[in-house]
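Naming convention: chains lettered A, B, ... in sequence-line order (proteins, then strands); numbering from 1 in each chain. A quick note: this is a predicted structure, and the numbers were derived from the prediction, not measured.
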Protein chains: 2
Amino acid sequence: MKRKYDLIYRSLVERIEREEWGIGELLPSENELKDHYRTSRETIRKALNVLSQKGYIQKVRGKGSVIIERNKFNFPVSGLVSFKELVDKMDLDVKTHVEDVGLLKADPFLQEHLQVAKDEPVWQSIRTREFSGERVILDKDFLIADHVPNLTTEICQDSIYAYLEGELGLTISFAKKEITVEKPIEEDACLMDLGDFNHVVLIRNYVYLDDATLFQYTESRHRPDRFRFVDFARRHH
Amino acid sequence: MKRKYDLIYRSLVERIEREEWGIGELLPSENELKDHYRTSRETIRKALNVLSQKGYIQKVRGKGSVIIERNKFNFPVSGLVSFKELVDKMDLDVKTHVEDVGLLKADPFLQEHLQVAKDEPVWQSIRTREFSGERVILDKDFLIADHVPNLTTEICQDSIYAYLEGELGLTISFAKKEITVEKPIEEDACLMDLGDFNHVVLIRNYVYLDDATLFQYTESRHRPDRFRFVDFARRHH
DNA sequence: AAGTGGTCTAGACCACCCG
DNA sequence: GGGTGGTCTAGACCACTTT
């Protein structure tokens, strides 16, 4: 089913990115947009709310919807947007090395992070990311095997997310991320080009399906000089 | 004006935190809630959408609204929630030291980060945060003086946010945050107890008012072992 | 006073899930 | 088939900003 407010949202994004209105200028009013798109005002408001959530506009009562400056890098470094999407969008020169893929039985570590029973089958994927000749990111993915019939080197080489959402029809709905800075463990030093760096940035990522079940746990380890996280937060009063 | 959906949202938060429903259980349906709170379904849906955005529930089509596990630490380490709120909520043993407060004229650095004209007056505040005897955070705040008549040591000692939103009636609407890891500069080593650490986590924070104007730039420097950032992200399809 | 976005209503139809 | 959440409508009143 085509959602009208989503079509309007996409249309407005396209017009904003074409710079039909400049930074600080006002979008047409909700009533004008309602007439232009031949719909109801509530539907326009849904589209504008998405624009607002994504950081395209700021709504000001009594005035209108102001176009705000949008950081081009405004997406998670590792999370709901897949690494492949990120690389494609930024047109980076990156190689992915699949270090290991296999089926494990849940040990206490996985039991804790994935909230599964002992010996529950879990897929493991270990990958490194190479930027201009240096391996600076180490990604360890753990997926509950329940939903995933097979995980191959080819899939991990391309994009696990594309496989999950494309081939398997799974829907990721939300994720919790935790970022800390840690001392490297032996595995980091072994698989990454750490040089003199004696810290790694550790991103723990818990991914949930649309039925609210925990499905995947990922540890992403970044060399500090290649780490960058950008966040856009709206205050709700 | 009292917003009905906000009252319902608060009521439901209170009921969820009282564990009227357990993790994984379903909230009453929208129609039941509509009758219970004597309102329309759209108003109930607004309240539920806020619950969903805040990570209390996950809506599942055809089934209902599932209570999800909510991380107690699910708020920004430094950003839209003020440091004071954070400390109060977590009941931490923290001291704030105001190292410097004063009025500056915008130099090229401030011109870039605050997008102001040369020599525009800007308040500066430099504070360190002491946890169990060690100074582990350094906060440098820059506020465009336009909106702020006076900034005193007392205000900085307590909470700048409380002053802005309470006393001055300013409304913060959104912020952009950028997290990186850097080598400490001399000032860091001077004002913080860095010990052997040769990295600091740098959080750059750009704060906007409700008329979408940039108002404040903050650099928050954390000793790596005391840094932790938690993020909850919802995927929009 | 006119225009803006914010809230609220009552009703409708749809897609999806489950017994 | 009955219940669930998702979308959409047309209209109303409010608070706020600008003219």
Side-chain angles (χ1 to χ4, degrees), chain A residues 1-12 21 24-53 56-68 169-171 173-174 209-213 234-237, chain B residues 1-12 21 24-53 56-68 169-171 173-174 209-213 234-237:
Chain A
M1 180 201 175
K2 48 171 191 179
R3 283 156 295 183
K4 194 179 283 191
Y5 78 87
D6 190 53
L7 296 175
I8 295 169
Y9 161 71
R10 287 166 201 267
S11 163
L12 289 170
W21 310 279
E25 286 183 25
L26 292 175
L27 232 51
S29 75
E30 296 181 349
N31 278 313
E32 287 171 319
L33 290 172
K34 174 195 81 186
D35 296 339
H36 179 269
Y37 287 104
R38 299 173 196 284
T39 181
S40 69
R41 194 175 146 225
E42 282 293 344
T43 299
I44 290 294
R45 284 177 55 72
K46 267 192 192 169
L48 294 184
N49 283 338
V50 181
L51 282 175
S52 171
Q53 280 167 22
Y56 283 99
I57 62 169
Q58 168 71 16
K59 302 176 105 182
V60 184
R61 202 209 298 258
K63 289 175 73 176
S65 297
V66 184
I67 307 280
I68 59 184
L170 296 177
T171 306
S173 65
F174 62 94
L209 296 179
D210 59 357
D211 61 357
T213 58
R234 200 160 275 286
R235 186 148 167 93
H236 306 281
H237 288 96
Chain B
M1 179 203 177
K2 49 171 189 174
R3 282 155 297 183
K4 194 179 284 192
Y5 78 87
D6 190 54
L7 296 175
I8 295 169
Y9 161 71
R10 287 166 201 267
S11 163
L12 288 171
W21 310 278
E25 285 183 25
L26 292 174
L27 232 53
S29 75
E30 296 180 349
N31 277 313
E32 287 171 320
L33 290 171
K34 174 194 82 186
D35 296 338
H36 180 268
Y37 286 104
R38 296 173 198 283
T39 181
S40 69
R41 195 176 145 224
E42 283 294 342
T43 299
I44 291 294
R45 284 176 56 71
K46 269 191 190 167
L48 293 185
N49 283 338
V50 181
L51 281 177
S52 171
Q53 280 166 23
Y56 283 100
I57 61 170
Q58 167 71 15
K59 302 175 103 183
V60 184
R61 194 194 326 238
K63 290 174 71 175
S65 298
V66 185
I67 308 281
I68 60 183
L170 296 177
T171 306
S173 65
F174 62 95
L209 296 178
D210 60 357
D211 61 357
T213 59
R234 200 161 276 285
R235 185 147 167 93
H236 305 282
H237 288 97

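Distances shorter than 4.0 Å separate some side-chain N or O of B/Lys4 from OP1 or OP2 on C/dT9. The side chain of B/Thr43 places an N or O atom within less than 4.0 Å of a non-bridging phosphate oxygen (OP1 or OP2) of C/dT9. Regarding contacts with the backbone of D/dT9, every side-chain N or O of A/Arg41 stays at 4.0 angstrom or more from both OP1 and OP2. Contact between the side-chain N/O atoms of A/Thr39 and the OP1/OP2 oxygens of D/dT9 is found at a separation under 4.0 Å. Contact annotation: B/Ser29 side-chain N/O to D/dT4 OP1/OP2 distance is under 4.0 Å.
Between A/Ser29 and A/Asn31, the side chains place no donor N or O within less than 3.5 Å of an acceptor N or O (distance only, hydrogens not considered).
For the pair A/Lys59 NZ and D/dA15 P, the computed distance is 18 Å after rounding to whole Å. Across the protein-nucleic acid pair, A/Leu48 atom CG and C/dG6 atom P stand 9 Å apart, rounded to whole Å. For the pair B/Gln58 CD and C/dC17 P, the interatomic distance rounds to 13 Å; values are reported in whole Å. In this structure, B/Lys46 places its NZ atom 16 Å from C1' of D/dG6, rounding to the nearest Å. When rounded to the nearest whole Å, the span between CG of A/Asp35 and C1' of D/dA10 equals 13 Å. Regarding A/Glu32, its CD atom lies at a distance of 13 Å from the C1' atom of C/dG5, rounded to whole Å. Look at CZ on B/Arg45: it is 11 Å from P on D/dC8, rounded to the nearest Å. Across the protein-nucleic acid pair, A/Asp211 atom CG and C/dC16 atom P stand 16 Å apart, rounded to whole Å.
The side chain of A/Tyr5 approaches D/dC8 more closely than any other nucleotide in the set D/dA10, D/dG6, D/dC8.
In this structure, CZ in B/Arg3 is found 10.5 Å from NZ in B/Lys46, a value given to the nearest 0.5 Å. A distance of 5.0 Å separates OH in A/Tyr9 from OH in A/Tyr56, rounded to the nearest 0.5 Å.
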> Where do A/Thr171 and A/Leu209 land on the side-chain contact (heavy atoms from CB on, under 4.5 Å) test, with the steps shown first?
Replying inline: CA-CA 6 Å; A/Thr171 306; A/Leu209 296 179; over 6 Å; no
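For the pair B/Asn49 and A/Ser40, both in contact range of DNA chain D, the more 5′-proximal nearest nucleotide belongs to B/Asn49.
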Collect all protein-nucleotide pairs involving nucleotides 16-19 of chain D in which both atoms are nitrogen or oxygen and the distance is under 3.5 Å.
none

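Listed by first and then second residue, the salt bridge (charged side-chain N to carboxylate O under 4.0 Å, His left out) pairs that reach into residues 29-40 of chain A are A/Glu30-A/Arg41, A/Glu30-A/Arg45, A/Glu30-A/Lys59, sequence neighbours excluded.
For the side chain to side chain contact (heavy atoms under 4.5 Å, CB included) with B/Ile57, the qualifying choice from B/Leu26, B/Leu48, B/Asn49, B/Val50 is B/Leu48, the only one to do so.
Judged as a side-chain contact (heavy atoms from CB on, under 4.5 Å), and not counting sequence neighbours, the contacts of B/Thr39 are B/Lys4, B/Ile8, B/Tyr37, B/Thr43, B/Ile44.
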